[in-house]
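Just so you know, ligand 1 is whichever comes first in the structure, and atom 1 is the first atom listed for that ligand. Model, not experiment: these values are computed from the prediction. Count residues from 1 along the sequence. All heavy atoms count here, side chains included; hydrogens, waters and symmetry mates do not.
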Amino acid sequence: MHPSGSGAAVEAVDLHKVFGPIHAVDGIDLALRPGRIYGLLGPNGSGKTTLIRLLAGLARPTAGEARVLGTRMPSRPMLARIGYMPQAEALYPELSVAENLGFFARLEGTVSRAAMDRALELVELGERRATPAMHLSGGMRRRLSLACTLVHEPPVLFLDEPTVGVDPALRVQFWSHFRRLAGAGTTILVASHVMDEADRCDELVFVRSGKVIAQGTSAELRSGAGTTDLEAAFLHYAGLDAEGRPLETAP
Ligand SMILES: Nc1ncnc2c1ncn2[C@@H]1O[C@H](COP(=O)(O)OP(=O)(O)OP(=O)(O)O)[C@@H](O)[C@H]1O
Ligand SMILES: [Mg+2]
């Protein structure tokens, strides 16, 4: 299917990223299959954003390899086939909603008016197209950022906490849209701290201290942690007790 022959849309092979004394990504192997939604979970600072940036080709690994659709990253031509929604906003505050969207669409090689309209409709910003980004509410900026990520309809999406600050009604719509995209073959890796979102993923990848320490369906992760509750499973894999204290120092 892809030049690498593995059939995986996104791959990490013994991937490492070191920042001075910090081993942010510490030997990660992954193979994400097309048309599936993968949730990336883990405590603050566990390496989720760094891993996503390596996979999306926005940072160079210290060692190992990241591949998207069989192409080794970083790769400039692949940027047109990837949607990346950063955790921190990357909008131009003085540009309007429509100008921001147009900027990203051109960057990604698409300027179809219909695609831009579809993206704005999805995030319900059609009425605000002339508003400068800096005059939008926080949740609206997050919505615009998602529209900029999706506008070129890429086959691979990396979403770093896409729904932070987005109201529950729109969050549900985003997730139905992610599911529709996956149904059409899009591969999605989404970092999240929201457990009900994690439950909507086909598979979860739990990282801690730069390593994948558990991977599987939500049911598999819960049963591996000996619980029926995903939040309790999160604490288990994070090495914390039920009150969120480190197990090593818990009485
Ligand atoms: N550019 C950088 N320079 C130095 N250290 C960095 C850099 N980027 C990340 N780090 C460090 O790497 C580690 C992993 O950070 P990362 O942002 O990947 O975590 P995360 O899992 O996304 O956390 P969060 O849940 O808070 O978003 C942290 O210790 C962080 O301080
Ligand atoms: Mg992060």
Side-chain angles (χ1 to χ4, degrees), residues 10-30 32 37-68 73-74 82-91 138-139 141-146 148-149 156-166 171 174-175 178 187-201 203-216 218 221 225 230-240 243-248:
V10 177
E11 290 162 284
V13 182
D14 196 21
L15 202 57
H16 291 258
K17 183 69 180 180
V18 173
F19 298 112
I22 297 170
H23 216 136
V25 169
D26 190 2
I28 288 188
D29 289 289
L30 276 182
L32 310 185
I37 303 181
Y38 293 84
L40 185 57
L41 308 181
N44 291 142
S46 55
K48 300 179 299 296
T49 294
T50 308
L51 173 62
I52 286 181
R53 289 178 54 80
L54 291 173
L55 294 173
L58 294 152
R60 213 169 265 283
T62 308
E65 237 179 89
R67 286 194 285 262
V68 173
M73 304 302 288
I82 289 174
Y84 166 65
M85 181 168 173
Q87 183 171 4
E89 249 140 47
L91 300 168
R141 281 200 297 275
R142 210 67 199 132
R143 283 151 53 180
L144 175 56
S145 181
L146 181 67
C148 293
T149 305
V156 176
L157 280 177
F158 297 109
L159 308 173
D160 201 346
E161 303 192 32
T163 62
V164 170
V166 170
R171 208 150 61 81
F174 278 13
W175 274 88
F178 298 160
T187 308
I188 303 177
L189 177 64
V190 51
S192 177
H193 291 294
V194 184
M195 290 302 124
D196 79 73
E197 293 189 349
D199 251 335
R200 293 169 187 265
C201 296
E203 214 172 299
L204 300 172
V205 178
F206 195 101
V207 293
R208 183 176 159 194
S209 305
K211 294 184 167 73
V212 174
I213 62 157
Q215 188 175 353
S218 165
L221 257 63
L230 195 54
E231 196 157 274
F234 181 98
L235 293 172
H236 170 86
Y237 292 115
L240 303 170
E243 265 98 53
R245 291 171 304 191
L247 280 173
E248 291 79 3

Contact flag T49/the Mg ion (ligand 2), N/O/S atoms, threshold under 2.8 Å
yes
Under 2.8 Å from the Mg ion (ligand 2) - does any N, O or S atom of Q87 fall there?
yes
Flag, side chain of T50 to backbone of A24, donor-acceptor distance under 3.5 Å
no
Heavy-atom donor-acceptor pair, Y84 side chain to L58 backbone, under 3.5 Å
no
Any carboxylate oxygen within less than 4.0 angstrom of a Lys/Arg side-chain nitrogen, looking at E161 and K48?
no
The answer, listing residues by chain and number that come under 4.0 Å of ligand 1 through any heavy atom, is F19, I22, A24, P43, N44, G45, S46, G47, K48, T49, T50, Q87, E161, H193
Check the angle between the aromatic planes of Y237 and F206 and answer parallel, tilted or perpendicular using the 30° and 60° thresholds.
tilted
Report the distance from atom OG of S209 to atom NE2 of H23, rounding to the nearest 0.5 Å.
11.5 Å
Parallel, tilted or perpendicular, as decided by the 30° and 60° cut-offs, for the rings of F178 and W175:
perpendicular
Give a yes or no on this: more than 12 heavy atoms of other residues, nucleotides or ligands lie within 6.0 Å of atom CD of E65.
yes
